[in-house]
Amino acid sequence: MTRVQPAARGFWLMKTEPHTFSYDDLHAAPGHTTPWDGVRNYQVRNMLRDDFRLGDQVFIYHSSCQMPAIVGVGVIVREGYPDLSALDINSPYFDDRAALKGESPWVCVDVKALGRFDRQIALQDLRLDPELAGMHLLRKGSRLSVQPVEAAAWRHILSMAELRL
DNA sequence: GCCAACGTTGGC
DNA sequence: GCCAACGTTGGC
């Protein structure tokens, strides 16, 4: 008898600009949950569509702000589905080409806030930590708004943040 | 505001 | 398919 092993939980980092949508905004959303829409990069779209699984956990990272930092943890509560904001003329994420086709090629997932770090982990601190060398976020020219996180790095950062889930 | 590092676009 | 021009991201 063979038994199918459940897939290991995936770990990710998702960037957001706090002046637009912060971790606290996520926590304040109904059910602490929001669709992570507006992604308009094919590499990221493919990850959201093909690799994100229910129960995967994500670091919420604040970018384009005074102190770029990982500020908390979320969990995927709905797997990839069409991001219809691309077809909504009133959305900041409207995509005229998608609208012309009448079909959105973009994908979003639902993210639920799980916990905010007591102590934010600044980009500066991540760079200083030898255990995190090679982390995607720290690579020169890394711009993807969604990135995989190694399990070891995930655990290490959680311990830095002293967050118990 | 600067600019490096990409990604996308579109003419050829 | 090539590649120059342009746009975007995001730290600093």
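Reminder, nothing fancy here: chain letters follow the sequence lines and each chain counts from 1.
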J.: In whole angstrom, give the distance that lies between atom NZ of A:K140 and atom P of C:dG10.
T.: 16 Å

J.: Have a look at A:R40 and say if it touches a base, only the backbone sugar-phosphate, or nothing, with a 4.0 Å heavy-atom cut-off.
T.: nothing

J.: Figure out the CD/P separation between A:Q147 and B:dC6, and round it to whole Å.
T.: 13 Å

J.: Give the rounded distance in Å between these two atoms: CZ of A:R139 and P of C:dG10.
T.: 15 Å

J.: Respond yes when some side-chain nitrogen or oxygen of A:R97 is under 4.0 Å from OP1 or OP2 of B:dT9, and no when none is.
T.: yes

J.: Applying a 4.0 Å non-hydrogen cut-off, can you work out what A:R127 is touching in the nucleic acid: base, sugar-phosphate, or nothing?
T.: sugar-phosphate

J.: List the steps, then state whether side chain to side chain contact (heavy atoms under 4.5 Å, CB included) holds for A:M135 with A:D129.
T.: CA-CA 10 Å; A:M135 197 180 166; A:D129 196 317; over 6 Å; no

J.: Can you tell me if the side-chain N/O atoms of A:Y61 get under 4.0 Å from OP1 or OP2 in C:dG11?
T.: yes

J.: Decide, yes or no, whether a salt bridge links A:R40 with A:D83 under the criterion of side-chain N to carboxylate O below 4.0 Å.
T.: yes

J.: Please report, rounded to the nearest Å, how far the P atom of B:dG7 is from the CH2 atom of A:W106.
T.: 13 Å

J.: Could you give the CG-to-P distance, from A:L138 to C:dT9, as a whole number of Å?
T.: 20 Å

J.: Any side-chain N or O of A:K15 less than 4.0 Å from the OP1 or OP2 oxygen of C:dG10?
T.: yes

J.: Atom CD1 of A:I157 and atom CD of A:E131: how far apart are they, to the nearest 0.5 Å?
T.: 10.0 Å

J.: Can you see whether A:D25 engages A:S22 through a side-chain donor-acceptor pair at a distance of less than 3.5 angstrom?
T.: yes

J.: Can you measure A:M135 atom CE to C:dG11 atom C1' for me and round it to whole angstrom units?
T.: 16 Å

J.: Once you round it to whole Å, what is the distance between P of C:dC12 and CE of A:M67?
T.: 12 Å

J.: Rounding to an integer number of Å, can you tell me how far A:Q124 CD sits from C:dG11 P?
T.: 12 Å

